[in-house]
Amino acid sequence: MTNIDSAAIAASMCVTERSIRRRAARESWPYTSAPCRGGYRRLYEADALPQDVRIALEQHEIRQIMNAELARRAAEAAAATPDVAPFPPPVVCGERIPAGLPSPAESSPAATGAGALSLDVDTPADRRLIGTVETYRPRDGADAARAERAQRIQKLLAPLVALPARHPGRRAMAECIAADLGVTFQQVYKLEARLRDGGMASLLRLGTRSDRGAERKLISGEWEAWCAATLAAWAEADDAAALADRLRQTVRQAWVGGAPSARQCWIKATAALGRSLYESGCPQPLIARLLQLPCPRRWVEAEGQVFRVAGKALRDGKGVYDRNLTPVRRTAAGYGPGDLVCGDVSPLDIPVLRPDGSTAYARMISWHDVGTNWLWIDLYLTDKGEGVRREQVAASFARMCETAPFGSPKRLYLDNGSEYQWDDMIAAWGHLATLTGQQFGLDDARGMPEAGRLIRSIPFRPRGKRIEGQFGNLRHWLGWWLGYVGGNRMTKRVANLGKAPTPSDFYAVRDWLKAELDDYHVTPQPGAEHMAGLSPQGKLEQAMNAGWTPARIDRVALMLSFAERDSRVVTRGAIQYAGRTWIHDELMSVEGRVTVALPRIAAPEFEALAVFVPGREVVWAVPERVFGLVDEAGAREAHRRNKTLKLLLADRVEQAGGAMDVSEVSGFRSQMLGLQATQQRALEISQTVELSQEQQRMADAYAELSQKTKALMRRAEAAKDAQQLQRFATEPEDVAAARAMGY
């Protein structure tokens with residue numbers, strides 16, 4: 001063939017002629033114009049056509065030759081068997097094939113009818129062999145569909161079955177039949193072999209069990225043989241059903257016990273059953289035969305489908321959580337910027353160098369805004385053997401509240417890590433709620449509004465943390481760095497086998513990460529349902545266009561919220577805290593115990609101690625300065641403090657309205673409360689109590705004894721004085737001289 005028109009090309013490619021003309025115009029196929037009835041038609045040069053078009057034309061020509069040969073053979077077969085009505089075969093690739101039967105020379109079951117139903121007189125009326133198609137009156141809808149499918153397959157395969165085994169056109173015909181059946185040409189060859197070997201009956205069994213209609217084995221044929229031998233040799237044995245139930249129970253126990261495979265489950269289950277039977281008196285040869293039975297894999301695995309998960313739950317809770325626990329679908333639709341922010345700490349999978357030259361993996365303190373999928377990340381290079389500290393998390397949170405485009409969060413969703421687990425930080429949310437008018441706070445505060453609560457994630461449940469999914473997306477961006485090693489530390493990605501990963505400069509990685517996050521924030525996210533195909537930047541702009549404005553928390557409020565609070569006593573205008581002395585002029589006019597707070601988010605750049613003076617504003621005490629002994633600055637500071645104290649005290653006096661004159665109010669309380677009247681009444685109702693005669697004699701005797709005792713004491717003192725004078729009169733001369741001198 002040299003030239004061919006568009007109609008022939010369309011027939012060979014099974015498309016419309018209009019589509020061929022459009023493709024020819026689009027690809028500029030060479031053509032010549034030939035006159036025809038009603039005008040001219042285009043004849044395309046076959047050798048200049050695209051390769052797929054030429055192949056389709058060649059296959060079409062082969063099919064035409066084969067169909068002509070099949071028509072001739074079918075006519076001969078119909079003439080040789082006039083008692084059988086021919087049937088019209090199906091159309092192959094749009095061409096009709098003349099009716100008839102396969103060549104009588106073929107001896108396959110598909111051609112002769114062997115393997116299908118016979119044509120005996122006793123053949124039921126619902127089964128007749130018409131041509132090469134066995135009709136089958138189905139019993140239900142499934143059988144009807146199966147019979148209809150088998151007839152269609154048999155009709156389509158009839159030309160292929162009739163071709164010789166080495167015919168050059170078999171492949172092309174198989175591909176055409178595959179296109180009609182919706183399968184591959186390899187599957188067509190398998191169906192042809194099935195039809196040749198088993199006839200129409202084999203096609204009718206497609207989609208059914210190969211053992212359909214056969215007697216079902218209780219467990220396996222080998223097990224039933226052992227069971228029969230056991231019942232015959234052991235009189236005390238249970239029946240077959242009871243033995244099967246006992247074996248089924250041991251198989252289930254083996255699966256629950258953690259069997260890793262069907263074979264291991266069978267080994268342990270038969271051992272458990274054999275031990276139980278041996279203890280009941282079963283002969284040892286029967287037990288040994290039981291232990292040697294092959295594993296009925298399908299039966300054991302069927303039990304494992306129900307009981308294997310229970311065994312995994314006892315050993316691998318993470319695996320059951322990942323593969324068996326049905327997740328709860330949640331959506332972030334309806335969340336605006338800053339409505340819900342998730343926080344987490346994770347390592348950066350890029351090795352970097354510390355200042356001392358050691359290799360480390362920096363930590364990312366990440367905050368994820370759920371409404372916009374915006375990521376705020378602070379990168380920390382921790383010391384060796386240390387992790388992210390709590391004050392670093394607080395400082396990162398403060399920076400996020402001050403500079404993140406989504407503003408201060410209304411609600412927080414935090415992990416249960418140690419960096420979030422300390423009492424001061426829990427109290428910080430409550431302090432922040434108080435300082436911000438209950439707009440942000442802690443979930444445990446029952447009086448707090450719903451819009452300002454902190455949420456804790458369930459421990460070891462990563463599905464509950466949306467930020468974990470963002471970490472997974474972030475790996476696609478981090479993977480561009482040459483030193484990225486991946487999340488699996490056991491199988492790190494390295495450039496050369498046998499060598500450790502090459503660490504990078506920390507500050508270079510930090511700057512690169514910031515640039516990558518900027519690109520991430522402008523990249524659309526069509527996979528997130530709540531993003532509607534927008535990028536985090538687009539989601540933020542959409543909210544701002546709708547009238548949303550970010551909220552900002554004052555830095556002083558943040559500093560006071562994230563601070564260690566304690567109680568201290570003011571001594572001489574100073575406070576001892578954290579091993580240092582803190583002073584402030586206001587403290588010189590305060591006495592007693594006050595509340596102090598050392599900010600976490602500002603240290604060590606901002607060294608100050610917040611002191612909550614009752615009834616006054618917060619004062620910021622600074623560390624005490626030490627002066628030299630003869631330093632003039634010390635003298636000036638002492639003079640300034642003395643003057644400041646006088647001014648503070650004068651201010652206090654002025655605020656109090658001067659000192660109170662106590663003489664003006666002395667006695668006023670007793671006068672108003674009736675003290676004089678109470679005393680006068682007590683005198684009026686008082687009674688005189690006199691002694692009885694016996695008590696009077698006792699009192700007189702006591703007075704007389706007291707007089708005698710006093711006289712004896714006076715005489716003893718006079719005797720002691722006389723003895724002392726006698727000793728001085730006889731003392732040595734040197735002692736007398738010393739006494740005279742005043743010693």
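Nothing fancy with the numbering, it's 1 onward along the sequence.
Using a 4.5 Å heavy-atom cutoff, the side chains of Leu204 and Arg146 are not in contact. Contact annotation: the side chain of Pro409 approaches that of Met400 to within less than 4.5 Å [non-hydrogen atoms, C-beta and beyond]. By the 4.5 Å heavy-atom criterion applied to side chains, Trp266 and Pro296 are counted as neighbours. Side-chain contact between Val370 and Val341 is absent, with no heavy atoms from C-beta onward closer than 4.5 Å. Two residues are said to be in side-chain contact when any heavy atoms from C-beta on lie closer than 4.5 Å; Asp378 and Met364 fail this criterion. Counting only heavy atoms from C-beta outward, the side chains of Ser346 and Arg363 never approach each other to under 4.5 Å. A 4.5 Å side-chain heavy-atom check between Phe397 and Ile365 finds every atom pair outside the cut-off. When side chains are defined from C-beta on, Cys265 does not count as touching Glu301, because their heavy atoms never get closer than 4.5 Å.
Heavy-atom minimum distance, Ala174 versus Val188: O-CG2, 3.8 Å. When all heavy atoms of His530 and Gly371 are compared, the pair lying nearest together is CD2-O, 3.7 Å. Minimum interatomic distance between Ala362 and Val352 (heavy atoms only, all atoms of both residues): N-CG2, 4.3 Å. The shortest heavy-atom contact between Thr523 and Ser535 is O-CB, 3.2 Å. Residues Asp339 and Asp369 come closest through the heavy atom pair N-OD1, 4.3 Å.
No side-chain donor-acceptor contact under 3.5 Å links Trp299 and Ser220.
Between Tyr189 and Phe185, the ring planes are perpendicular. Angles over 60° get that label, and only those under 30° would be called parallel.
In this structure, Leu513 CG and Leu379 CG are separated by 6.0 Å, a value rounded to the nearest 0.5 Å. Taking CG from Leu191 and CG from Leu156, the interatomic distance works out to 10.0 Å, rounded to the nearest 0.5 Å. Rounding to the nearest 0.5 Å gives a distance of 11.0 Å between CD1 of Ile153 and CD1 of Ile177. A distance of 6.5 Å separates CG of Leu157 from CG of Leu160, quoted to the nearest 0.5 Å. Rounding to the nearest 0.5 Å places CG of Leu243 at 11.5 Å from CZ of Arg248. Here the straight-line distance linking atom CG of Asp239 with atom SG of Cys227 works out to 8.0 Å at 0.5 Å rounding.
Side-chain N or O atoms of Arg194 include one that pairs as donor or acceptor with a backbone N or O of Ser202 at under 3.5 Å. In terms of modelled atom types and a separation under 3.5 Å, the side chain of Asp383 and the main chain of Glu386 share no donor-acceptor contact. Formation of a donor-acceptor pair under 3.5 Å by the Gln151 side chain with backbone atoms of Glu148 is not found in this model. A donor-acceptor pair under 3.5 Å is absent between the side-chain atoms of Ser358 and the main chain of Arg354, judged by distance alone. Between the side chain of Lys539 and the backbone N or O of Gly336 there is no donor-acceptor pair closer than 3.5 Å. Of the possible polar contacts, one joining the Arg196 side chain to the Val161 backbone as a donor-acceptor pair under 3.5 Å is found.
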Subject >> Intermediate values then yes/no, side chain to side chain contact (heavy atoms under 4.5 Å, CB included), Cys295 and Val300 >> reply: CA-CA 8 Å; Cys295 172; Val300 175; 4.1 Å; yes

Original post:
Can you list the steps and then say if Ser366 with Trp376 is a side chain to side chain donor-acceptor pair (under 3.5 Å)?
Top reply: CA-CA 6 Å; Ser366 306; Trp376 175 271; over 6 Å; no

**OP:** Let me see the working for Tyr520 and Asn373 under side chain to side chain contact (heavy atoms under 4.5 Å, CB included), right down to the final yes or no.
**Re:** CA-CA 10 Å; Tyr520 161 81; Asn373 274 357; 4.0 Å; yes

Subject >> Audit row: Trp223, Leu247, side chain to side chain contact (heavy atoms under 4.5 Å, CB included) steps and yes/no >> reply: CA-CA 10 Å; Trp223 186 87; Leu247 181 59; 3.4 Å; yes

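Residue pairs meeting the side chain to side chain donor-acceptor pair (under 3.5 Å) criterion with at least one member in residues 253-263: none, sequence neighbours excluded. Among residues at least two apart or in separate chains, salt bridge (Lys or Arg N to Asp or Glu O under 4.0 Å) pairs with a member in residues 307-316 are Asp316-Arg323.
A salt bridge links Glu192 with Arg170: the distance from a Lys NZ or Arg NE/NH1/NH2 to an Asp or Glu carboxylate oxygen falls below 4.0 Å.
More than 12 non-hydrogen atoms from other residues, nucleotides or ligands lie less than 6.0 angstrom from CD of Glu175. In the displayed structure, Arg149 atom CZ is contacted under 6.0 Å by at most 12 heavy atoms of other residues, nucleotides or ligands.
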Distance-only criterion, 3.5 Å: show the donor-acceptor pairs between side-chain atoms of residues 276-293 and protein atoms not counting sequence neighbours.
unit_1 : atom_1 : unit_2 : atom_2 : d
Ser276 : OG     : Arg246 : NH2    : 2.6
Glu279 : OE2    : Arg275 : NE     : 3.3
Ser280 : OG     : Ser276 : O      : 3.0

